[in-house]
There are 2 protein chains.
Amino acid sequence: MDRSDAPLYFQFFNEIGIIGQLSRTMLEAELPKGLLAPHFSILNHAVRVKDGQTPLALAKAFQVPKTTMTHSLGVLERHGLIELKPHPKDGRSKQVWITPAGRSLREGVVEATGPAFAAFAERFDPEVMQDVVPKLAEMRAFLDAARDED
Amino acid sequence: MDRSDAPLYFQFFNEIGIIGQLSRTMLEAELPKGLLAPHFSILNHAVRVKDGQTPLALAKAFQVPKTTMTHSLGVLERHGLIELKPHPKDGRSKQVWITPAGRSLREGVVEATGPAFAAFAERFDPEVMQDVVPKLAEMRAFLDAARDED
DNA sequence: ACTACTTAGTGCGATATTGAACTATATGCA
DNA sequence: TGCATATAGTTCAATATCGCACTAAGTAGT
């Protein structure tokens, strides 16, 4: 890396951080009281990616410590949005299943955030995203792998 | 936005969130105990962008509530890394100045994170970044503006 | 089967984040 | 000037995050 390129890389992580912060705040504006972005992400993951995951798998998927996941799952369970069942194959583990209430809440939030998404999509068309998103995915994969090496 | 494009936009914010999380964790691995990423960001901002800013300006720059900034500045001040002085023009306000200790700590962290940055730069060369970063900056600006409209 | 090691999840304490309410100061306007 | 309103920052309480230490359960080598 040439010395003069450093600010570019620095700005990259800076922009990433701010976009993350902004989108998080925008999402939370649409969530019912008592729920924050990480809670919603878990519900969303259950619907979009895979239901019945273990807490540890979720912690890895979201890159948070497992203690944080324990806490978040507790909140969702108290709200009746997920169910924690014993894992059928592993006595140490559990499975996280979304409840009908969880599904319905998630659906409502998706609808509520629709206009904001649409406005963003109007300004940045799919061609731009098709260019940028795969690169971000590569970068994410690279950083993820670098972390595992320690 | 065509219905089929939605996942692309969704994935964008997802990747952003995970990269943010990963880079934050990697940075914090190089910070002395008691300091976290937001603290470092403030020191870095003072060196790279502008010293002597008001707490509110910093809160806006980092997109956090001002109460969060009050807290973070308190931590930095207790560590002797910044100084809070009364604002010369506005009796309600303050100015945040980095101390020599703050500068030196920031310098050390920049050096410590050098190798990780270099590895990233080796994998993703400046051409890619020059393509991606301005787009991210535009998106950040768009989201920032959308937020102000409320 | 026994033992050593690994893995999944939890309890707890320290710190971070944030909204609501508050104080002090500044500004706009009659 | 005087008063209403706006702004900068803090305090406080509720919740989130996370490292450390722990328990329970699985796994591998003997």
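Quick caveat: nothing in here was measured; it's all calculated off a predicted structure. Protein chains get the first letters and strands the later ones, always in sequence-line order, with residue 1 at the start of each.
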With the side chain defined as heavy atoms from C-beta on, P65(B) is closest, among dA16(C), dG19(C), dG19(D), to dG19(C)

Roughly how many Å is it from CG in L84(A) to P in dA8(C), rounded to a whole number? 16 Å

Can you figure out which of dT17(D), dA16(D), dG9(D) approaches the side chain of H39(A) most closely? dA16(D)

Expressed in angstrom and rounded to an integer, what is the separation of K66(B) atom NZ from dA8(D) atom C1'? 6 Å

Quick one: does K94(A) reach the base of dG9(C) with a side-chain donor-acceptor pair under 3.5 Å? no

Of the nucleotides dC18(D), dG19(C), dG9(C), which has the atom closest to the V64(A) side chain? dC18(D)

Which residues share a salt bridge (charged side-chain N to carboxylate O under 4.0 Å, His left out) with E28(B), sequence neighbours left out: R24(B)

List the atom pairs, with distances to 0.1 Å, where a side-chain N or O of residues 102-110 of chain A and a protein N or O form a donor-acceptor pair under 3.5 Å, not counting sequence neighbours.
unit_1	atom_1	unit_2	atom_2	d
R106(A)	NE	N44(A)	OD1	2.6
R106(A)	NH2	N44(A)	OD1	3.0

To the nearest angstrom, the CG-P distance between L73(A) and dG9(C) comes to 9 Å

Please tabulate, one pair per line, all N/O donor-acceptor pairs under 3.5 Å involving side-chain atoms of residues 51-61 of chain B, not counting sequence neighbours.
unit_1	atom_1	unit_2	atom_2	d
D51(B)	OD1	I98(B)	N	3.1
T54(B)	OG1	A57(B)	N	3.1

Counting heavy atoms from C-beta on, name the nucleotide in dA8(D), dT10(C), dT10(D) closest to the side chain of T67(A). dT10(C)

Separation of dA8(D) atom P from L58(B) atom CG, nearest Å, is 13 Å

Determine, using ring centers only, whether F117(A) and F13(B) are less than 6.0 Å apart. yes

Rounding to 10°, can you tell me the angle the first-five-pair axis of the helix from dA1(C)-dT30(D) to dA30(C)-dT1(D) makes with its last-five-pair axis? 30°

L35(A) atom CG is separated from dA16(D) atom P, nearest whole Å, by 9 Å

Rounded to whole angstroms, how far apart are CD on E28(A) and P on dA14(D)? 19 Å

Show me, pair by pair, the donor-acceptor contacts under 3.5 angstrom made by side chains of residues 129-136 of chain B, not counting sequence neighbours?
unit_1	atom_1	unit_2	atom_2	d
D131(B)	OD1	K135(B)	NZ	2.9
D131(B)	OD2	K135(A)	NZ	2.7
K135(B)	NZ	D131(A)	OD2	2.7

Taking dG9(C), dT10(D), dA26(C) as options, the one with an atom nearest any side-chain atom of D90(B) is dA26(C)

Ring centres of F124(B) and F142(A) under 6.0 Å apart? yes

Side-chain atoms of H71(A) come closest, of dG11(C), dG9(D), dA16(D), to dA16(D)

Between dG19(D) (P) and M69(A) (CE): distance, integer Å: 14 Å

With the side chain of T54(A) defined as its heavy atoms from C-beta on, choose the nearest nucleotide among dA25(D), dA8(D), dG9(C). dG9(C)

Pairs in or reaching into residues 64-88 of chain A: which pass side chain to side chain donor-acceptor pair (under 3.5 Å), with residues at least two apart or in two chains? none

Rounded to the nearest Å, what distance is computed from the CZ atom of residue R78(A) to the C1' atom of nucleotide dT15(D)? 10 Å

